[in-house]
Number of protein chains: 2
Amino acid sequence: MLTIGKLGEAAGVKVPTIRYYEQIGLLPEAERSAGNQRLYGRKAQERLAFIRHARDLGFTLEAIRDLLSLSDRPDQSCAAADAIAKAQLAEVESRLARLTALKAELERMVVQCAGGKIADCRVIEVLGDHSLCATDHRHPETEATQ
Amino acid sequence: MLTIGKLGEAAGVKVPTIRYYEQIGLLPEAERSAGNQRLYGRKAQERLAFIRHARDLGFTLEAIRDLLSLSDRPDQSCAAADAIAKAQLAEVESRLARLTALKAELERMVVQCAGGKIADCRVIEVLGDHSLCATDHRHPETEATQ
DNA sequence: CCTAATGTCTCTAGCAACTATAGCTTCAAG
DNA sequence: CTTGAAGCTATAGTTGCTAGAGACATTAGG
Ligand SMILES: [Zn+2]
Ligand SMILES: [Zn+2]
Ligand SMILES: [Zn+2]
Ligand SMILES: [Zn+2]
């Protein structure tokens with residue numbers, strides 16, 4: 001059995017984060033020692049590694065909660081799990097597209113500035129006027145509504 | 001002079017967001033009408049457009065605060081402004097690199113799953129074991145939402 | 001001129017996913 | 001046996017908003 005510190009070290013997760021995961025019900029309540037300290041076995045370790053890995057891949061805690069409860073029912077179809085992964089892939093792809101546009105725009109700004117006074121700074125100028133931009137990089141949420 | 005609603009419409013910023021920007025000192029306190037409602041002129045409109053555009057390009061409010069105070073001093077060198085833009089570009093580039101690795105890993109997961117029971121699901125399997133991954137996508141830099 | 005509908009006001013609380021602090025108790029090494 | 005690290009709980013802070021409650025202001029229609 002591991003203490004919370006050892007578990008965190010093993011999984012690459014900070015101690016307060018583990019307690020936070022327990023608090024929100026992502027990890028079950030840990031066993032306690034005689035002195036009221038949390039103790040973890042192999043199962044908890046695997047569960048935390050799963051969470052950590054999914055977080056690294058950008059899944060939200062809500063998605064991870066669903067994936068975990070799916071993984072607890074090995075006999076069922078994996079369609080739901082695959083759908084969550086596909087949604088996450090789509091999310092990553094859309095962020096990638098947006099960031100690519102952002103990068104292009106930022107590069108343009110930075111390259112075009114000759115480096116003089118603020119009054120002539122291309123960075124400041126472009127920030128004040130989107131029509132100087134080459135791409136439409138506006139935020140999806142705000143461009144769709146209103 | 002515009003009311004807060006008209007200003008928000010013009011700039012593509014929601015009304016509570018404008019009040020929030022004032023509250024945190026990003027926008028100056030607005031003039032008020034006889035009935036205590038906020039009124040905005042051309043200068044405020046430009047400032048808000050600047051903020052909106054910089055947000056769209058992924059700058060933090062803190063960076064925008066600095067950029068705004070720089071843009072208020074047109075005689076000074078623009079080196080500081082350029083540095084902020086370059087830092088933002090670097091940030092975007094590093095997020096792009098990470099997201100690219102994530103995308104590859106998610107694609108692999110999704111493609112490899114044959115779609116049967118959870119017990120055989122490649123998605124669940126890979127999430128539980130990073131050593132099944134082809135790339136090292138770890139190290140979670142702050143996953144800012146954009 | 002009155003009324004109804006919308007717009008605006010302040011204030012508070014909530015969202016994700018942690019992170020940090022304070023003030024304790026428990027544990028392990030020397 | 002003492003000391004310092006590690007653990008405990010509870011609360012508050014982070015970023016950039018967003019949502020709600022309950023009251024006041026403004027505007028369009030009849
Ligand atoms: Zn410049
Ligand atoms: Zn632009
Ligand atoms: Zn599957
Ligand atoms: Zn991995």
Looking at residues at least two apart in the chain, or sitting in another chain, which of them share a side-chain contact (heavy atoms from CB on, under 4.5 Å) with Glu62(A)? Thr60(A), Arg65(A), Asp66(A)
Spacing of Gln37(A) atom CD and Ile4(A) atom CD1 [to the nearest 0.5 Å]: 9.5 Å
Could you say whether Leu39(B) or Glu62(A) is positioned toward the 5' end of DNA chain C, judged by the nucleotide with the nearest heavy atom to each? Leu39(B)
Distances for protein N or O near nucleotides 19-24 of chain D N or O, under 3.5 Å:
none

Between Arg52(A) and Gly12(A) (side chain of the first, backbone of the second, donor and acceptor by atom type, cut-off under 3.5 Å), is there such a pair? yes
Whole-Å distance, Ile4(B) CD1 to dT26(D) C1', equals 15 Å
Identify the 5'-most and 3'-most nucleotides of DNA chain C with at least one atom closer than 4.0 Å to a non-hydrogen atom of chain B. dG7(C) to dT10(C)
How long is the line joining CG of Leu2(A) and P of dA6(D), in whole Å? 15 Å
Earlier contact from the 5' end, DNA chain C, for Thr3(B) and Thr60(A): Thr3(B)
Sequence neighbours left out, what pairs pass ring-ring contact (aromatic ring centres under 6.0 Å, His included) with at least one residue falling in residues 102-131 of chain A? His130(A)-His137(A), His130(A)-His53(B)
Lys86(A) with Asp82(A): basic N within carboxylate O range, under 4.0 Å: no
Just jot down the side-chain contact (heavy atoms from CB on, under 4.5 Å) partners of Tyr20(A), sequence neighbours excluded, or say none. Ile24(A), Leu61(A)
Does Arg19(A) make a side-chain N or O approach to OP1 or OP2 of dC8(D) shorter than 4.0 Å? yes
What is the distance, rounded to the nearest whole Å, between atom CZ of Phe59(B) and atom P of dG16(D)? 13 Å
Looking at dG16(D), dT26(D), dT9(D), which one has an atom nearest to any side-chain atom of Ser33(B)? dT26(D)
To the nearest Å, how far apart are Arg38(B) CZ and dA25(D) P? 14 Å
Can a side chain N or O of Arg55(B) be found less than 4.0 Å away from OP1 or OP2 on dC17(D)? yes
Taking only residues at least two apart or on different chains, which pairs with a member in residues 124-134 of chain A satisfy salt bridge (Lys or Arg N to Asp or Glu O under 4.0 Å)? Arg122(A)-Glu125(A)
Please determine whether a side-chain nitrogen of the Lys or Arg among Arg19(A) and Glu22(A) lies less than 4.0 Å from a carboxylate oxygen of the Asp or Glu. no
So does Cys133(A) get a backbone contact from the side chain of Glu105(A), meaning a donor-acceptor N/O pair under 3.5 Å? no
Report the residue (Gln23(A) or Asn36(A)) whose heavy-atom-nearest nucleotide on DNA chain D is the more 5′ of the two. Asn36(A)
Rounded to whole Å, CD1 of Ile18(B) lies from C1' of dC17(D) at a distance of 13 Å
Taking NZ from Lys6(B) and C1' from dT26(D), how many angstroms apart are they, rounded to a whole number? 12 Å
